[in-house]
Each structure stands twice: as structure tokens, then as C-alpha cells.
Novice: 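Sharing a structure with you now.
Computed from a predicted structure; not experimentally measured. Atom set for the values below is all heavy atoms of this structure, side chains included, hydrogens, waters and symmetry mates excluded. All ligand and atom numbering here is 1-based and tracks the order in the structure. The first residue of the sequence shown is numbered 1, and numbering continues consecutively from there.
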Amino acid sequence: MLSTQTIDVIKSTVPVLAVHGTDITKVFYKNLFSAHPELLNIFNHANQSQGRQQTALANTVYAAALHIDQLEALLPAVKQIAHKHRSLGVKEEHYPIVGEHLLGAIKEVLGDAATPEILSAWEQAYGVIASVFISVEKEMYTKAAEQPAGWDGFKDFKVVRKVRESSVITSFYLEAADGSTLPPFQPGQYITVRVSIPGKEYTANRQYSLSAAPNENYYRISVKKEADREPFGTVSTYLHDHVQAGDTIEISAPAGDFVLDTEAMSPVTFISGGVGITPFMSMLGYIANHQPSRPVSFLHGTRNKQTQAFDLEIKDHMRNIHDTTNCTLFSDEPNGYITPEFIEENMLKNSDIYLCGPVPFLEIMTKHLAQLGVEEEKIHLEFFGPAVSLSTN
Ligand code: HEM
């Protein structure tokens, strides 16, 4: 445990570090990658070049440090990050490397202001925070490997089918290259795809939600081509343009805690924007297969008919579910945005609400739901891109 004095030093210096947060993490990553270029095989280079991951790690360390005497309160947020780490292959031995360079960067940026007392307090705090992550992740690795047909790290999968779902989204059906059956996953989980792109020095990793109901034979991911958003689109463009049926890609075992509560039979309202529809395809498929009497409302926003994916598949699933609402709005059309009135009219009473889409979409939807008086506990959300701060709620 940390001494009261150390905790006091941490708490009094969090604001100072937060002010210099961006500089510290910039220096941290520069030094980290120059000493350990092999870590560029794990980190998302697009997030790096945009500074997004930098903010995420810095904010999280500061938020955790601020709550250092009650870290258990942060466990749900730690678990969400730990799922991502496990899915990417972050291991115990990486933590001291990150710690060393984070401490080094604090020293470099703060200069003389970083007294030995401050540095020692932060070293201890990082050790405590890292040990929480390490133990949560260790359990996840063991669990993933112990699942029937589970595996640790990355495994070869064969693309058995490639299907165009809309003008921007293409699905890839994946089977284990060794022909083995697949471990069960929870509807809503994602996998990490790892690819070696010709001409690129390091492997690239991206997370994609599994978009078909859990089954033993195949996984399906449905990828939006982000061609106009370089460098984000490096992997999606590669998958769309170069990966064909018969090719092999590597993936890690399903991860993530944005999942359908399959124990419950309460009504569910899904609200998605664009490619945020993908985890809901898996959840809807699960309900159609296993919980046909569970009421579902499926609300979706996309640009137009060309960008709309899964229309027929949703209708197919809905035929198996007794009580359904299904509405898609096209934002290119007049009155095509999801408004509070639209939600009020179409969401199910007392339902759990699942939201997924890009950050601006989620910000607007959570505002709408707050305006409608929906309780926070009823709202489950997932956005695409790295978490920018650690929620302490
Ligand atoms: C992602 C925090 C240690 C590698 C993240 C995210 C946070 C975070 C907040 C974003 C999660 C999301 O996208 O949902 C931390 C904290 C650490 C730590 C507080 C130390 C206590 C490490 C270590 C490694 C690592 C030791 C490996 C060397 C990554 C990678 C990502 C990530 C590769 C994915 C995002 C990207 O590629 O840009 N981490 N992390 N992290 N972390 Fe960590």
C-alpha cells in the first residue's frame, strides 16, 4: 500500500501533470518507440499520429492516480481497457517498459520541478495501477485460453466468404484455418484483426465487432471502408481491396464487455449510427435464435439507401421475434436525423438501451435520452476509437 504522504504528493501533482499531459505523453511515446520499436507492432499508428491514444493513456493514469486510495471503484473502467489490452496481446512484461518511459518523460518535461520525492511517489503509484491492470488481464488471458477451443494471442483464420453489405460496408466470414470449432462469445464482443500490409514495416491491428450471432463455425466482421479518412483507413482499405476469400488473416479471441445481458428477458432498444450497427447484428441474431419472446426495437441512422447495411437480415431475424419495432432514418433526407421525439415514439417502455456509433452520434443520443428522463443504468454504450478518459462513475 502507498503511504499517506505518497498519496498526498500524488494528489497534489495530478493537476500539474494534467497541464503538461500532452507534452509528457508525446515525449513518452517518442522515447518508448525509439527504445522499443517492436511495440509499434501492437500500437495503432493512426491513433498515435492523431494523439488520441496519447490522451487516453495519460488521462487514465492521472484519473487512476487521483483515485489511488479507492482503485476498486475504477474496476469497471479498468476491465474495459483490459479487454482491449488482452485482445491486442499486451503482457505483464510490457508494464515496466511503459512505466520506465512514463517516469522518464515526467522528469524530462517537468525538469527541476520533478523532485526525487515526486518521482518516487509516481513510480510507486504507477506500480500500484499497473499491478491492478496486470492481474485483471492475467485472469482474462487464462479465461480465453481455458475456453473450449479457446486460444491465447493470435491465430490464423481463413476468409471463407466476402459479402458486400452496402456501398461502404463489407462482411468477412472467418473460419479457423486449422478447421477447429470456435469458442463461444457474448453477443456484442469484438476481435482484433492483425495484418501485415505490404510496404509497411509493422503489423497493424484493428478491433471489429463480431456481427453475426454466436455459433461454433464462423465469425463474421463487417468493415466500413474509411478510405477518405487516412490514416485511419489503412486496415479497412487493405481488407476491402486486397483480402479475398481464401486468404488468411490473424485474429485474437473475442473480447469486450459491451455485451447483451443474455440472462435478462427485459425489452431491448438498439440505437445505432452507421457502422455502429455491427454489434447489434450479433445481439439481434442471438435474440432471434434464443429469446424470441424478448421485445426488441431496432433504430438505426445512416446516410442513405446505398449506405444502409443488413436491411434484409434484420427483417429475417425480426420474423422470429414476437414483438418488434424496426426503423431506419436516412440523414441525407429531410427530417432524417434521430430526434428525442423519434426515440420516444419508438423505444420500448422500461427497456435496456444499447447505443453504438461514432463519438458525436453517442453524445447526441445520450443527450436525447437524458432529455427523455431515461435512467443512466439503463443505457449501455460503445463508441469506436480509443477511450479518451477513464470514467469514475
Ligand atoms: C489502449 C491505458 C499500459 C498498449 C489503452 C487505452 C487506455 C490505456 C485508456 C484506450 C482503451 C480503449 O481504446 O478503449 C493504459 C494504462 C496503462 C497502460 C493506464 C498502464 C497502467 C499499456 C501497456 C501497453 C499498452 C503496458 C503495451 C505496451 C495499449 C494499446 C492500446 C491501449 C496498444 C490500443 C490503442 C492503440 O493502439 O492506440 N491503454 N495502458 N498499454 N494500450 Fe494501454
Novice: Please list, in number order, the atoms of ligand 1 under 4.0 Å from a heavy atom of I42.
Specialist: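 Within the 4.0 Å cut-off of I42, ligand 1 contributes 33 (C).
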Novice: Can you tell me which residue among E108, E100, K26, H36 is in a side chain to side chain donor-acceptor pair (under 3.5 Å) with N31?
Specialist: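 Among the candidates, only E108 passes.
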Novice: Closer than 4.0 angstrom, basic N to acidic O: yes or no for D178 and K155?
Specialist: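 So D178 pairs with K155 through a salt bridge.
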Novice: Examine the proximity of ligand 1 to K84 and report which part, side chain or backbone, both or neither, has a heavy atom under 4.0 Å away.
Specialist: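 The part of K84 near ligand 1 is the side chain, not the backbone.
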Novice: Could you list the atoms of ligand 1 found under 4.0 angstrom from a heavy atom of V90?
Specialist: 4 (C), 23 (C), 24 (C), 25 (C), 27 (C)
Novice: Only heavy atoms of T60, strictly under 4.0 Å: list the atoms of ligand 1 that pass.
Specialist: 9 (C), 19 (C)
Novice: Determine whether the aromatic ring centres of residues Y208 and Y190 are separated by less than 6.0 angstrom.
Specialist: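 They do not qualify: ring centres at least 6.0 Å apart.
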Novice: Could you tell me which atoms of ligand 1, counted from 1 in the order shown, lie closer than 4.0 angstrom to a heavy atom of V61?
Specialist: 19 (C)
Novice: Report the part of V98 (side chain from C-beta onward, or backbone N, CA, C, O) that has a heavy atom under 4.0 Å from ligand 1; answer both or neither where that applies.
Specialist: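 The answer is the side chain of V98.
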Novice: Should you measure from each heavy atom of L88, which atoms of ligand 1 turn up under 4.0 Å away?
Specialist: 30 (C), 31 (C), 33 (C), 34 (C)
Novice: If only atom types and distance count, is the side chain of T237 paired as donor or acceptor with the main-chain N or O of T234 below 3.5 Å?
Specialist: no
Novice: Give the single entry among H94, H36, H85 that approaches atom 25 (C) of ligand 1 most closely by any heavy atom.
Specialist: H85
Novice: Do the two ring centres, one from Y202 and one from F43, sit under 6.0 Å apart?
Specialist: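 Between Y202 and F43, the centre distance exceeds or equals 6.0 Å.
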Novice: Looking at the rings of F185 and Y219, which for Trp means the six-membered one, are their centres under 6.0 Å apart?
Specialist: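 For F185 and Y219, the ring centres are under 6.0 Å apart.
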